[in-house]
Amino acid sequence: MTTYARPGSVDEALELLLEDGAAVLAGGTDLAGQIDRGISAPGLLVDLQDTGLGGIAPDGKGLRVGAATTLADVAEHTLLAPYAAVTTAARLAASQLLRNQGTVGGNLCQHTRCWYYRGEEWNCWLGGGDTCFAQIGDHRKHNLEEGDCISAHPSDLAPALAVCGATVVVRALHGEREIPLLDLFRRPTADNRSLVTLERGELVVAVRLPAPPDASLYLRTGERQAFSFPLVSVAAARHGTALTVAAAGVANIPRAIDPADPLAGLPGHPQSAWKRQVLETLVERALVTLRT
Amino acid sequence: MEVILEVNGERHSVVPSGRRLLAVLRDDLELLGTKLACGEGACGACAVLVDGRPVNACLLLAEAAVGHQIVTIEGLSVGRAHAVQEAFVAEDALQCGYCTPGQVVSATALLERTPAPTREQIHEAMAGNLCRCGAYPKIERAILRAAGSA
Amino acid sequence: MSRFVRTRTEMEGRYEDVWALVDESDDTESWAPDAALSLVGRPVPRQDGAARAAGRARFTVDVRLAGTLHAVVLRSPVAHGRVRSLDLDGARAVPGVRAVIGPDSELSLTTRSPLLRGEPGYAGAPVAVVAADTLEAAHAGVLALALDLEVLPHLVDVEEGLREQRFTADPTDEARGDAEVALAAAEVTVELSLETPGQLQTALEPHAAVASWEGERLTIWVSTQGMFAARDELARAFGLRKSDVRVLTEFVGGGFGAKQGAGFEALAAAELSRIAGRPVRLVNDRHGEQLDGGRRAASRQTVRLGASRDGTITAIDADAVIGMGQGGWMPPVLIPARTLYRCADVRALTFPVKTNLRAQNAFRAPGVMEGTTAFEQAIDELALALDMDPLELRRRNHTDIDQVSGSPYSSNQLLACYDRAAELAGWAARGELREPQPDGLLRGMGCASQIWWGGGGPPSHATVRLDSEGHATVMTGIQDIGTGTLTSAQIVAAEELGLPLAHVRALGGDTAPNVYGPIAGGSQTTPSVMPAVRSAAAKVRKTLLQLAGDVFEIAVGDLEVSDGRIRSRDGAIDVEVTEVTAKLGDATIDGSGSRGPNPGGFVVHTFGCQIAQVSVDAALGEVRVERVVAVHDVGRIVNPLTASSQVEGGVLQGVAFALTEELVVDPTTGIPVNAYLDDYKIPTIADTPEIVIDFPGIADENLPTTGTKGLGEPPIIPTAAAIANAFAHATGRRAVALPLTRDRVLEALA
Ligand SMILES: Cc1cc2nc3c(=O)[nH]c(=O)nc-3n(C[C@@H](O)[C@@H](O)[C@H](O)COP(=O)(O)OP(=O)(O)OC[C@H]3O[C@@H](n4cnc5c(N)ncnc54)[C@H](O)[C@@H]3O)c2cc1C
Ligand code: SF4
Ligand code: FES
Ligand code: FES
């Protein structure tokens, strides 16, 4: 039986998160699916809605986006307009219904959509088993990297935030740390199958954005014209003459891309190699737009 | 544990026991207009307004909805919502009608925020409401019609 | 006077000779093709639209009865297995659990045995069902069953099944003339192979039933397209009189072919309800629905065509390998090859391969749609080889004679459909699309033809009752699954009665009145039911005028009724209908009508042409359908508003078949990986092309009294073929398999 708690402050939430089987509940749009498909079975849900983690505020030359800010707010907020990659990514993610509910923190910490991982009939390597069914089965939507797990990271926001230079503020009862956005992610290993670098009892409290880039954009390909996870997406930003690029859908985690050699380290698998051309094309188009 | 849910302007005492808002609305409050079709956020048949914003009631924990204003299709019958419903009927923006309550909820919310939406804005706001019968061309027309009449 | 007639009925291309009861007094004359009708042919919003829009429509899943138990199905988690152990008593011991059935349970239902299988042949096959006070308790009961399965070898690859000759039935060889010789002699030949995907119906309301017994009488709500078939099936299964089974199905949240008869859900709910002595509600969850609700079978087809240089098709040789799953009736995949164009030398080979998936079942134009998708692409390849306009090639091979039976079609406006579609699509200028486009995309336009049955026939009945307030109720056997057929019945009755629409209401969705109507499938409802409605209404009108003649002491022949008023020809009398009906008191004027047989010597078919325009982003492998023009000959149109909705719905399902929908089965385990709504991609509003619709709308004079043919299936049939042809026009390439997902498009363009 799962219990529900709605702490009134971040500290109270952090306290609760130390309990066995506790899980963060933000919008719950991903967590609900994890629970229904038997991927997670938290004993305690710690709802963030009253912890004051929502909202977008000026922060030096940049912005601070609370972890519990909804994707809809990110898409629409005028303060975020100079970060076009971020607002576009938020606007194109999921559906309006999900964007109204889903949050920034949840978007970054969501689990992969690999159909074996999500399917009730399999217990795959990433889920704690010993077989990656995708590699011996159907992996047309999977990633381009070598590894024990070849799942693709689905977050639209992560690459967009990354190219805008975002950092993630992570808090535990004993204190706070701030890390570059991509450092929130890790590739799963045999002894730790998690995709994020959060320790037990840690919470993402905010994403901080430095001064906006000179220009940024987000290009996305899905399975249909709307309401589809990204198959491959590319975020790119220009600071002066420096270009930064990141992508979703090509690795276990959001991945930085070398604009000069976008396919480096991304050989692909038999059925997923088609994504290479899409990635290359998106990067090329992004760079053409940013340079002009 | 008993909690109070505010649905369509009325306060109801319910025992969520870990269920989603959709189950409580349908099974406890017998508000049967809101539908279950996928149970995983993929179709929008379960759309309700929470503080004026449409969300998927199949994903939202009932306990997480405590303290918020919930409006279901049953609570949408006046003003803009009524215009939307009339336009849906006039344009035949419904076939089997199973997705329709969710469509009406999303369309009403769209017009509240964007009284004169473009085609693109309609697509962005409505893509989370699937219609297997394929009433989309007429849903788009109905929204434009309701926008014109409101 | 009633009499029996021997007549042929047709359902999705299967013909059957049956006795049908017709009423000799059903002598209503057909509406002339140019008859001046006041309501028929005008757009009318659905009579139940407001209820649907306000969320007041009650579907089977919404039925709430006191004391209802909730049933949950335990499904096989493997593609093929044998139950080693299943703890039924353990489940029964769970608090709140009231009834449990498994493969070996003694059941009172006698047909469909076994209802549950100890050796499930596909992932999702029902193994046991638990009914409990709450859904949660039922789930706990399912867990307590502690299913242990021995995993057996499975086969899901159709090629492998073909190699091993694993068939659900004998392969068929349907031939006329000698295709082989004709091919060898042909001046031009082309060959095309294509794989088409398994497509899931995915009605948003899943299969569902709520059963309740009162002694030996069963009342059951079923989400079905065929309530009478469900009634008969349940009566047979439980040894009941048909009149002791009442099936209710007022609102159905989509069916698309998947909901025929009672189905597993109704049988299981009725059985559990009988055991527990309480109402039982069984509703599939989405995963169960996508695994076990049904599917259009995947196919691999090859078409070889021969022609002379002038474009006359001289040989057609087609074969289809069909992934049947566990069985089911053989979808008529090669009907387009056999019937669409004039050709004397034809061969059609069909191989129904048995695989470890659920038995395939009907999905909107089953067989014919996927067959058209391959055959009409081959026709375009032939046009290319002949350097001929694809529409011109089709015109040149047009026929007004059914190529299988040799009988003429009752009506055929296909040539007019070509002309109109070409005009609406701007076909003449389609070459310009291939010039460099300002947005850098490739563009192309393609067409495809459609053939389907859709003539309907007996038995079909209706009764009309006019009350003292001048309002009429039309009782029908219709289950309006979203097609708007009840509204069509309302319109036809109002037209015939001369009453305003608002004073006429059509009822259906209940077997209790025992007014029979056909299953909502095969494009049968409109052509079968509307003549019966018209005939019933005509009798009521006749009686009404007779009574008016008595009241006003005037010859009946001098009276007419329209728009709710009774008038004499000389203008002396002009009164509200209620002037007469008010005198009825509590009596009513009743009339019943039946559908007469289709005239012999003809074959009834619907026809059409669609033209699609697509854009292709070659570097991203992205295909967008920009516009679909759909022109279909379905006889007279009763309600253009709902008719265009039907076309839009069919086109969209065809667009998705071409671009996104595909059941993906894991080769290693034989289990579908995308049997959910998040991964199985049906279209959204943003995937909707502009859809331009027209109908010749010319009544079929050889069909009884209303001249209407069916429209459910036709619009889905040519869409995917037209899109694939447009893709080929744009890119010069064809994909070897559908749907045209990015990976396949990039491969085709590589
Ligand atoms: C049908 C469907 C389609 C979708 N499409 C897209 C899409 O196109 N693009 C996309 O990017 N996403 C998509 N999503 C994923 C969607 O769930 C996320 O976009 C959403 O932002 C998640 O936010 P949430 O607040 O609901 O997360 P939750 O479900 O509340 O949480 C997700 C996970 O993150 C953890 N978590 C949440 N917040 C924090 C925090 N502050 N600190 C630490 N851990 C935390 C939770 O414990 C949980 O494990 C889709 C989801 C569905 C169901
Ligand atoms: S790709 Fe990863 S998540 Fe998918 S089956 Fe393999 S291990 Fe599991
Ligand atoms: S039922 Fe909630 S989104 Fe489908
Ligand atoms: S009207 Fe049937 S699903 Fe939309």
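None of these values were measured; they are calculated from a predicted model. These numbers come from the heavy atoms of this one structure, side chains and all, not from hydrogens, waters or symmetry mates.
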Under-4.0 Å salt bridge between C:Arg286 and B:Glu40: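 Here C:Arg286 does not pair with B:Glu40 in a salt bridge, since their nearest N and O are not under 4.0 Å apart.
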
Is there a donor-acceptor pair under 3.5 Å between the side chain of [X] and the backbone N or O of [Y]?
{"X": "B:Arg132", "Y": "C:Gln201", "value": "yes"}
{"X": "B:Tyr98", "Y": "C:Phe251", "value": "no"}
{"X": "B:Lys138", "Y": "C:Leu641", "value": "yes"}
{"X": "C:Arg52", "Y": "B:Gln95", "value": "yes"}

Search all heavy atoms of [X] against all heavy atoms of [Y] and return the closest pair with its distance.
{"X": "B:Tyr136", "Y": "C:Leu652", "answer": "CD1-CD1, 3.8 Å"}
{"X": "B:Cys43", "Y": "C:Leu677", "answer": "CB-CD1, 3.8 Å"}
{"X": "C:Ile685", "Y": "B:Ile139", "answer": "CD1-CG2, 4.2 Å"}

Please determine, among [options], the option with the most heavy-atom pairs under 4.5 Å with chain B.
{"options": "C:Pro683, C:Gly255, C:Ala51", "result": "C:Pro683"}
{"options": "C:Ala686, C:Ser645, C:Gly55", "result": "C:Ser645"}
{"options": "C:Gly253, C:Ala50, C:Ala53, C:Ala656", "result": "C:Ala53"}
{"options": "C:His287, C:Gln653, C:Arg64", "result": "C:Arg64"}

Any side-chain heavy atom of [X] sitting closer than 4.5 Å to one from [Y]?
{"X": "B:Asp92", "Y": "C:Arg46", "value": "yes"}
{"X": "C:Ile481", "Y": "B:Cys96", "value": "no"}
{"X": "B:Lys35", "Y": "C:Leu204", "value": "no"}

Closest-packed option against chain C by number of heavy-atom pairs under 4.5 Å, given B:Pro137, B:Ala81, B:Pro101, B:Cys99: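 Highest number of heavy-atom pairs under 4.5 Å: B:Pro137.
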
Among the listed options B:Gly128, B:Ala127, B:Ala23, the residue most often paired with chain C at heavy-atom distances under 4.5 Å: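 When all of B:Gly128, B:Ala127, B:Ala23 are compared, B:Ala127 has the most.
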
Between [X] and chain C, which part of the residue has a heavy atom less than 4.5 Å away: side chain, backbone, both or neither?
{"X": "B:Leu31", "result": "neither"}
{"X": "B:Glu124", "result": "neither"}
{"X": "B:Gln85", "result": "both"}
{"X": "B:Ala90", "result": "backbone"}

Quick check on [X] against chain B: is it the side chain, the backbone, both or neither that has a heavy atom closer than 4.5 Å?
{"X": "C:Thr483", "result": "neither"}
{"X": "C:Ile691", "result": "side chain"}
{"X": "C:Val252", "result": "backbone"}
{"X": "C:Tyr676", "result": "both"}
{"X": "C:Arg56", "result": "neither"}

Derivation and outcome, side-chain contact (heavy atoms from CB on, under 4.5 Å), residues B:Arg26 and C:Asp62: CA-CA 8 Å; B:Arg26 286 182 56 85; C:Asp62 298 324; 2.8 Å; yes

